[in-house]
Amino acid sequence: MDEKKERLEKLLTQVVADLAREKDVSLPDDFCAQLERPRHEGHGDWATNTAMQLTKRFGMPPRDLASEIASRLRTVPGGDLIEKIEIAGPGFMNITLKSAWVADLIADILAKRDDFGRCNIAWGKKVQVEYVSANPTGPLHIGHARGAVVGDILSSVLEFCGWEVGREYYINDAGNQMELLGRSTQARYFALLGREAEAPFPEDGYQGDYLTDIAQSILDAQGKSLADKPLAETLPLFTDESYRQILATFRKDLGDFGVLFDVWFSERSLYDGDEVEKSIAALKERGFAYDQDGAVWFKSTHFGDDKDRVMIRANGVPTYFTSDVVYLKNKYDRGFDYLIYVWGADHHGYVPRMKSVNEAFGGKDEAFVVVLIQFVSLLRGGVPVAMSKRAGSYVTLREVLDEVGPDAMRFFLAMRRCDSHLDFDLELAKKSSSDNPVFYVQYAHARICSILREVAARGVAMPAITRLDVSVLTDPTEAALVKTLSRFPEEVAKAGTELAPHRMAFYAQELAESLHAFYNAQRILGVEEDVMNARLLLVEATRVVLRNVLRILGISAPEKM
RNA sequence: GCGCCGGUAGCUCAAUUGGAUAGAGCAUCGGACUACGGAUCCGAAGGUUACGAGUUCAAAUCUUGUCCGGCGCGCCA
């Protein structure tokens with residue numbers, strides 16, 4: 001299908017160029033006639049608005065120009081794969097191909113199977129996707145879950161588009177927050193012993209119950225003796241144990257959620273070698289860093305920032321910003337051509353600064369991409385649930401996962417475009433009923449499997465692809481299903497270039513809808529043999545594509561429900 | 001105050017990046033298999049795309065002004 005589209009586009013471009021030469025009209029140097037999917041049913045396989053775009057240059061009404069182009073297109077060599085051309089509306093050309101392409105498409109799907117829909121728009125380049133990267137100071141909540149799903153699906157989409165993808169989690173295991181975490185747990189430990197006065201809970205400490213649990217586990221493992229040592233001496237133990245335990249739950253929760261990483265990158269590890277010194281030296285060499293007032297500064301004003309930013313404080317301690325600077329350089333040093341950061345929208349103010357850093361290191365502008373994820377409003381039966389990490393009263397990823405299950409949760413979180421707010425109603429998502437779109441999609445898959453089981457039970461053999469006669473597929477629902485199937489590679493490519501994973505969720509629903517409509521309109525078994533064979537192959541092709549899109553979404557494709 | 005993201009059907013959201021009659025799902029109403037799974041299908045109703053002005057063959061989309069909602073502006077992370 002794609003090759004046919006390209007051939008048609010070349011043909012169209014050629015025809016327009018010839019016409020322009022004859023009429024002595026100039027075309028833009030980079031002119032290329034573009035075909036697109038018609039928006040409405042029954043408008044053919046491809047459409048173009050070329051005539052409308054050129055109406056001014058040719059000085060002709062779009063309708064007349066379209067007719068002129070269409071009549072030439074039919075007669076030009078290679079135009080024989082066109083069944084018909086219709087001029088519609090204000091000058092659209094709707095092109096219908098001869099039906100041989102349907103047989104090609106189904107054969108293509110059944111030959112490529114799991115690989116159908118793959119493309120190579122990356123040319124073997126390496127991209128890193130960094131996502132979640134939540135501070136290991138408290139449980140993952142629903143906002144993290146959205147970032148996790150978006151990052152995960154985006155990575156899968158990019159892999160399907162031919163990228164070599166590195167999935168990475170950045171662990172913020174350095175800095176003040178870690179110390180605060182340790183002190184919070186330490187205070188809980190003393191509280192368990194009834195000795196709060198000796199280690200009061202920090203004013204802005206982490207208040208969730210999970211720290212009491214961790215304190216209890218330390219008490220179980222180490223006994224009471226830690227309370228008799230100086231606070232400063234035992235603090236690292238509390239810090240590290242809290243961090244270790246919380247990170248372990250992150251791995252478990254995300255793993256159960258189907259979100260896996262190639263690398264869990266430790267912020268602390270940036271400080272093991274001389275990477276920090278090297279990074280700062282590199283910036284100074286380029287004139288983007290300097291010393292002043294005992295601190296080291298990044299010259300962000302050069303890139304339009306209000307003021308320069310501190311990298312190393314006067315007391316010698318690096319800022320969080322410095323870690324990100326070194327980390328960015330580290331990513332490039334590891335050979336990634338493109339860097340994608342999936343961040344919460346509350347970090348948007350930080351984006352220009354990091355773009356500056358990218359530029360300061362000589363990185364290409366388009367190589368540094370931030371996908372901002374808007375907030376998730378969590379509702380319970382229509383009533384907003386407060387989410388405050390500090391207060392510790394929020395709904396965790398784990399709770400939602402246990403209530404809703406990974407499939408429905410992933411689908412709900414992937415359904416919206418990243419830059420719009422998302423309402424997630426627990427009561428709604430918990431309902432395993434018909435208004436849950438994930439069941440709709442999975443049911444389509446299960447339904448096909450059920451048909452294939454029935455085929456086997458009746459002793460009918462799956463026909464060979466060579467037996468396919470597409471001329472019997474005349475029903476509108478069959479045509480619609482074929483067209484939806486043919487769109488899959490484009491949708492994957494679009495989702496990849498636009499970094500828009502929600503497209504996959506929408507496509508999955510559309511494909512399921514096409515299948516259900518076809519199923520209700522026509523019978524597959526118990527009809528004339530040629531028709532049955534064609535429909536069986538069509539349905540099998542649909543199953544393959546459904547499975548592929550569900551695999552990208554990270555959602556199971558059940559054979560029974 | 002400055003900046004970023006939104007505002008589309010009663011609700012939650014799409015819209016091939018400037019193209020045709022702005023589309024889906026819930027919810028509402030009315031219909032559909034004695035046969036492959038009714039967790040399905042078909043139909044109806046629902047719109048001044050927050051509001052005004054501008055740009056052109058063409059605007060939900062671009063420019064600009066205003067209004068509303070969310071978020072961000074530390075030698076915190």
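Computed from a prediction, not measured in an experiment: that's the story for all the values here. Here is the naming used below: chain letters follow the sequence lines, and residue numbers restart at 1 for every chain.
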Under 4.0 angstrom, heavy atoms only, what part of the nucleic acid is [X] near: base, sugar-phosphate, or nothing?
{"X": "A:E498", "result": "base"}
{"X": "A:H43", "result": "base"}
{"X": "A:M415", "result": "nothing"}
{"X": "A:P61", "result": "nothing"}

Can you list everything that forms a salt bridge (Lys or Arg N to Asp or Glu O under 4.0 Å) with [X]? Sequence neighbours excluded, please.
{"X": "A:R268", "value": "A:D240"}
{"X": "A:E179", "value": "none"}
{"X": "A:E540", "value": "A:R113, A:R543"}
{"X": "A:R410", "value": "A:D152"}

Considering only nitrogen or oxygen atoms on both sides, find all protein atoms under 3.5 Å from nucleotides 74-77 of chain B and state each distance.
residue, atom, partner, partner atom, Å
B:C75, OP2, A:K307, NZ, 3.2
B:C75, O3', A:R313, NE, 3.3
B:C75, O2, A:A314, N, 3.3
B:C76, OP2, A:R313, NE, 3.2
B:C76, OP2, A:R313, NH2, 3.4
B:C76, O3', A:R313, NH2, 3.3
B:A77, OP1, A:R313, NH2, 2.7
B:A77, OP2, A:R313, NH2, 2.7
B:A77, OP2, A:Y320, N, 3.3
B:A77, O2', A:N135, ND2, 3.1
B:A77, O2', A:Q177, OE1, 3.2
B:A77, O2', A:Q177, NE2, 3.1

Checklist entry - Mapping A:Q34 and A:F518 to their closest nucleotides on RNA chain B, which lands nearer the 5' end? => result A:Q34
Checklist entry - Between A:E559 and A:H502, which is nearer to the 5' end of RNA chain B once each is assigned its nearest nucleotide? => result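 Looking at the nearest nucleotide for each, A:H502 comes out on the 5' side.
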Checklist entry - Is a donor-acceptor pair below 3.5 Å formed from side chain A:N49 to base B:A58, judging by atom type as modelled? => result no
Next on the checklist: Between B:C41 and A:H516, counting only base atoms on the nucleotide and side-chain atoms on the residue, is there a donor-acceptor pair under 3.5 Å?
Outcome noted: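 Answer is no: no donor-acceptor pair is held.
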Item to check | A:R57 (side chain) donor-acceptor with A:S26 (main chain) under 3.5 angstrom | outcome: yes
Next on the checklist: Using atom C1' in both nucleotides, what's the gap between B:A77 and B:C67 to the nearest angstrom?
Outcome noted: 35 Å
Checklist entry - To the nearest 0.5 Å, what is the distance between CD (A:E36) and OG1 (A:T50)? => result 9.0 Å
Item to check | Closest to the A:F506 side chain, choosing from B:G19, B:A15, B:C13 | outcome: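 It is B:C13.
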Next on the checklist: Are B:G72 and A:H348 stacked, with the base six-membered ring and the side-chain ring centres under 5.5 Å apart and planes under 30°?
Outcome noted: no
Item to check | Base-contact (B) and sugar-phosphate-only (S) positions in nucleotides 5-12 of chain B, heavy-atom cut-off under 4.0 Å, - elsewhere | outcome: SS-----S
Next on the checklist: Taking side-chain contact (heavy atoms from CB on, under 4.5 Å) as the definition, give me every residue that meets it alongside A:K284, ordered by chain and number, with sequence neighbours left out.
Outcome noted: A:I280, A:A289, A:D291, A:V296
Checklist entry - Can you name the side-chain contact (heavy atoms from CB on, under 4.5 Å) partners of A:A480, sequence neighbours left out? => result A:E41
I'd like a table of atom pairs between the protein and nucleotides 55-57 of chain B - only N or O on both sides, under 3.5 Å - with the distance next to each one.
residue, atom, partner, partner atom, Å
B:C57, OP1, A:K56, NZ, 2.7

Checklist entry - In dot-bracket notation, what is the pairing pattern of RNA chain B, taking Watson-Crick (N1-N3 plus N6-O4 or O6-N4) and G-U wobble (N1-O2 and O6-N3) contacts under 3.5 Å, with [ ] crossing and | for other strands? => result (((((((..((((.....[...)))).(((((.......))))).....(((((..]....))))))))))))....
Checklist entry - Counting only non-hydrogen atoms, which of residues 522-537 of chain A are less than 4.0 Å from RNA chain B? => result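 Per residue number, the list reads A:Q522, A:R523, A:I524, A:L525.
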Checklist entry - If we ignore angles and hydrogens, is there a donor and acceptor under 3.5 Å between the side chains of A:Y206 and A:T185? => result no
Next on the checklist: By the definition ring-ring contact (aromatic ring centres under 6.0 Å, His included), identify the one residue from A:F288, A:Y290, A:F321 that meets it with A:F298.
Outcome noted: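 Of the listed residues A:F288, A:Y290, A:F321, the ring-ring contact (aromatic ring centres under 6.0 Å, His included) partner of A:F298 is A:F321.
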Donor-acceptor contacts under 3.5 Å from residues 504-511 of chain A side chains, at least two apart:
residue, atom, partner, partner atom, Å
A:Y507, OH, A:T484, O, 2.6
A:E510, OE1, A:R487, NH1, 2.9
A:E510, OE1, A:R487, NH2, 2.9

Checklist entry - A:W46 ring centre to A:R37 NZ or CZ under 6.0 Å, with the angle to the axis within 45°? => result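 Yes, A:R37 sits over the ring of A:W46.
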Next on the checklist: Ignoring hydrogens, what is the shortest heavy-atom contact between A:D530 and A:V472? Give both atom names and the distance.
Outcome noted: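 Where A:D530 meets A:V472 most closely, the heavy atoms are O-CG2, 4.0 Å.
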Item to check | Parallel, tilted or perpendicular: rings of A:Y320 and A:Y350 (30°, 60°) | outcome: tilted
